[in-house]
Amino acid sequence: MKAWVLHDIGDIRFEDVDMPKIGDNEVLVAVKAAGICGSDIPRIYETGAHNMPIIPGHEFSGQVVDTGKNVDKKWLNKRVGGFPLIPCGKCDLCKRKLFEMCRNYNYLGSRCNGGFAEFVSVPEWNLIELPDNVTYEQAAMLEPMSVAVHAIRRVNIQPNDTVAVQGLGTIGLLVTMFLKEMGIRNILAIGNKEFQKDTITKIGLSEEDFCNSKNIEVSSFIKNKTTDGVDVYFECVGKNETINTAIDNTAPAGKVILVGNPYSDISLDKNVYWKILRNQLTVIGTWNSSFTHDKNDDWHYVISILNKGVSKFEAIISHRVELSKLINMSEIMREKREAYSKIILAE
């Protein structure tokens with residue numbers, strides 16, 4: 001089969017490789033669509049993966065074409081998505097069904113071969129079946145969608161709360177979309193690119209609720225929109241200055257949800273720390289998403305929303321290209337030489 005193989009940092013090649021060998025508890029999935037995650041870029045160009053050579057790609061969907069001997073044959077020919085984290089099932093967190101925080105996990109696309117290929121082997125446990133009206137492209141975004149939902153569900157947001165989302169990459173846009181879907185009326189979206197304004201208006205926000213932080217001072221924008229700051233602030237960037245901005249502009253007794261992966265060491269100035277204390281703010285971390293096979297986990301929640309026929313989530317797809325074009329798209333993401341939001345590799 002054809003696959004993108006990361007041999008070393010900066011050395012990724014589209015080449016012929018052996019078909020995956022499936023274990024007794026695994027299935028073989030013919031990949032129909034895959035998303036390039038922002039985390040794939042440093043993995044390819046800066047840090048490498050935990051194990052190399054490796055086929056990256058942890059956001060994908062496809063069709064089951066073969067099953068291991070212990071796998072229920074009902075999966076054959078099913079359209080599926082795949083939870084990329086493979087938990088150990090033995091640690092205390094796994095026993096509590098907090099699989100997203102497993103201490104001894106494997107991971108498709110970073111610790112074992114993933115979905116930037118024509119085929120990928122996936123444990124049966126990690127499969128989720130797709131309803132007929134959920135497309136492969138939508139299903140390739142199940143992982144980032146579930147990450148966004150997980151962040152939202154970490155806090156009890158009321159319909160009349162004013163909510164800010166800063167950082168409108170894939171996750172920030174999806175957080176904004178799901179907040180809108182959940183009926184939150186007062187959403188302030190903070191980005192730094194004009195095409196982000198176009199995207200959030202497609203999902204029903206007004207241009208007046210978008211702040212381009214390159215041109216407008218965020219604190220002034222929020223002060224003009226609120227009395228004492230926002231009730232809930234999603235920080236989806238991961239930088240000192242944006243975390244400080246979030247704390248500065250959250251109302252007393254409000255909540256700050258830290259979503260963005262850190263760009264570097266994070267430190268808090270003394271006066272910022274004082275604001276957490278004196279305003280009795282709740283600062284919440286969020287990580288990954290819940291996949292427990294229960295109908296109320298994050299993945300099943302997302303499937304239920306997509307199954308309603310809600311198509312607006314595809315508004316964040318900026319590029320659709322075939323698998324062989326991955327290197328072109330990864331370089332666009334690395335060099336930021338053109339506007340993009342979500343890039344999907346599809347047949």
### Query
Taking 4.0 angstrom as the limit, do Glu331 and Arg334 come out as a salt bridge?
no

### Parallel, tilted or perpendicular, as decided by the 30° and 60° cut-offs, for the rings of Phe178 and Tyr301
tilted

### Query
Relative to the ring of Trp299, is the ring of Phe291 parallel (under 30°), tilted (30 to 60°) or perpendicular (over 60°)?
perpendicular

### Query
Between the main-chain N or O of Thr162 and the side-chain N or O of Asp231, is there a donor-acceptor pair closer than 3.5 Å?
yes

### Query
If you take all heavy atoms of Met145 and Leu174, which pair is closest and at what distance?
N-CD1, 3.6 Å

### Task
Tell me, yes or no, whether the heavy-atom count around Lys2 atom NZ, taken from other residues, nucleotides or ligands under 6.0 Å, exceeds 12.
yes

### Query
Does atom CG of Asp294 have more than 12 heavy-atom neighbours from other groups under 6.0 Å away?
yes

### Message
Heavy-atom count check: over 12 atoms from other residues, nucleotides or ligands less than 6.0 Å from Gln158 CD?
### Response
yes

### Task
Spell out, as yes or no, whether a donor-acceptor pair under 3.5 Å connects the side chain of Asn126 to the backbone of Phe83.
yes

### Message
Rounded to the nearest 0.5 Å, what separates atom CD1 in Ile86 from atom CH2 in Trp125?
### Response
9.5 Å

### Message
Has Asn51 got a side-chain atom pairing as donor or acceptor with Arg111's backbone, closer than 3.5 angstrom?
### Response
yes

### Other residues, nucleotides, ligands: >12 heavy atoms within 6.0 Å of Lys73 NZ
yes

### Message
When you measure from the side chain of Ser289 to the backbone of His150, do you find a donor-acceptor pair of N or O atoms at a distance under 3.5 Å?
### Response
no

### Query
Got a second to check how far Asp40's CG is from Met333's CE, nearest 0.5 Å?
7.0 Å

### Query
In terms of side-chain heavy atoms, does Tyr233 have a donor or acceptor partner in Thr245 at a distance below 3.5 Å?
no

### Message
Quick one: does any side-chain atom of Ser213 pair with a main-chain N or O of Gly191 as donor and acceptor, under 3.5 Å?
### Response
yes

### Stepwise side chain to side chain contact (heavy atoms under 4.5 Å, CB included) test for Tyr136 and Leu130
CA-CA 9 Å; Tyr136 284 124; Leu130 306 180; 4.3 Å; yes

### Message
Within a 6.0 Å radius of atom NZ on Lys225, are there more than 12 heavy atoms belonging to other residues, nucleotides or ligands?
### Response
yes

### Query
After noting the C-alpha distance and the side-chain angles of Val17 and Met1, does the key distance pass the side chain to side chain contact (heavy atoms under 4.5 Å, CB included) rule?
CA-CA 6 Å; Val17 299; Met1 68 173 184; 3.7 Å; yes

#### Entry: Donor-acceptor pair between Asn249 and Ser219 side chains, under 3.5 angstrom
yes

### Message
With a 6.0 Å cut-off (strictly less than), is the heavy-atom count around CG of Asp132, excluding the residue itself, greater than 12?
### Response
no

### Query
Hey, are Lys342 and Glu59 close enough for a salt bridge, meaning a charged N less than 4.0 Å from a carboxylate O?
yes

### Query
Does any non-hydrogen side-chain atom of Phe313 lie less than 4.5 Å from one of Leu173?
no

### Task
Answer yes or no: is there a side-chain heavy-atom contact under 4.5 Å between Lys90 and Asn104?
no

### Over 12 non-hydrogen atoms of neighbours within 6.0 angstrom of CZ in Arg337
yes

### Task
For a side chain to side chain contact (heavy atoms under 4.5 Å, CB included) with Val237, tell me which candidate from Leu168, Thr242, Ile190 qualifies.
Thr242

### Task
Show your reasoning for whether side-chain hydrogen bond (donor to acceptor under 3.5 Å, both in side chains) applies to Ser324 and Glu322.
CA-CA 6 Å; Ser324 63; Glu322 60 191 40; 2.9 Å; yes

### Message
Using a 3.5 Å distance criterion without hydrogens, assess whether the side chain of Asn279 forms a donor-acceptor pair with backbone atoms of Leu281.
### Response
no

### Message
Would the distance check show the side chain of Asn113 and the main-chain N or O of Ile55 forming a donor-acceptor pair, the cut-off being under 3.5 Å?
### Response
yes

### Query
Can you name the closest pair of heavy atoms from Gly35 and Ile344 and give their distance?
CA-CD1, 4.0 Å

#### Entry: Verdict with reasoning, Asn160 to Arg185, per side chain to side chain contact (heavy atoms under 4.5 Å, CB included)
CA-CA 7 Å; Asn160 290 326; Arg185 293 184 284 272; 2.2 Å; yes

### Query
Can you tell me how far the CD1 atom of Ile152 sits from the CG atom of Leu179, to the nearest 0.5 Å?
4.0 Å

### CZ (Phe195) with more than 12 external heavy atoms under 6.0 Å
yes

### Query
Can you tell me if Asp297 uses its side chain to pair, donor with acceptor, with the backbone of His300 under 3.5 Å?
yes

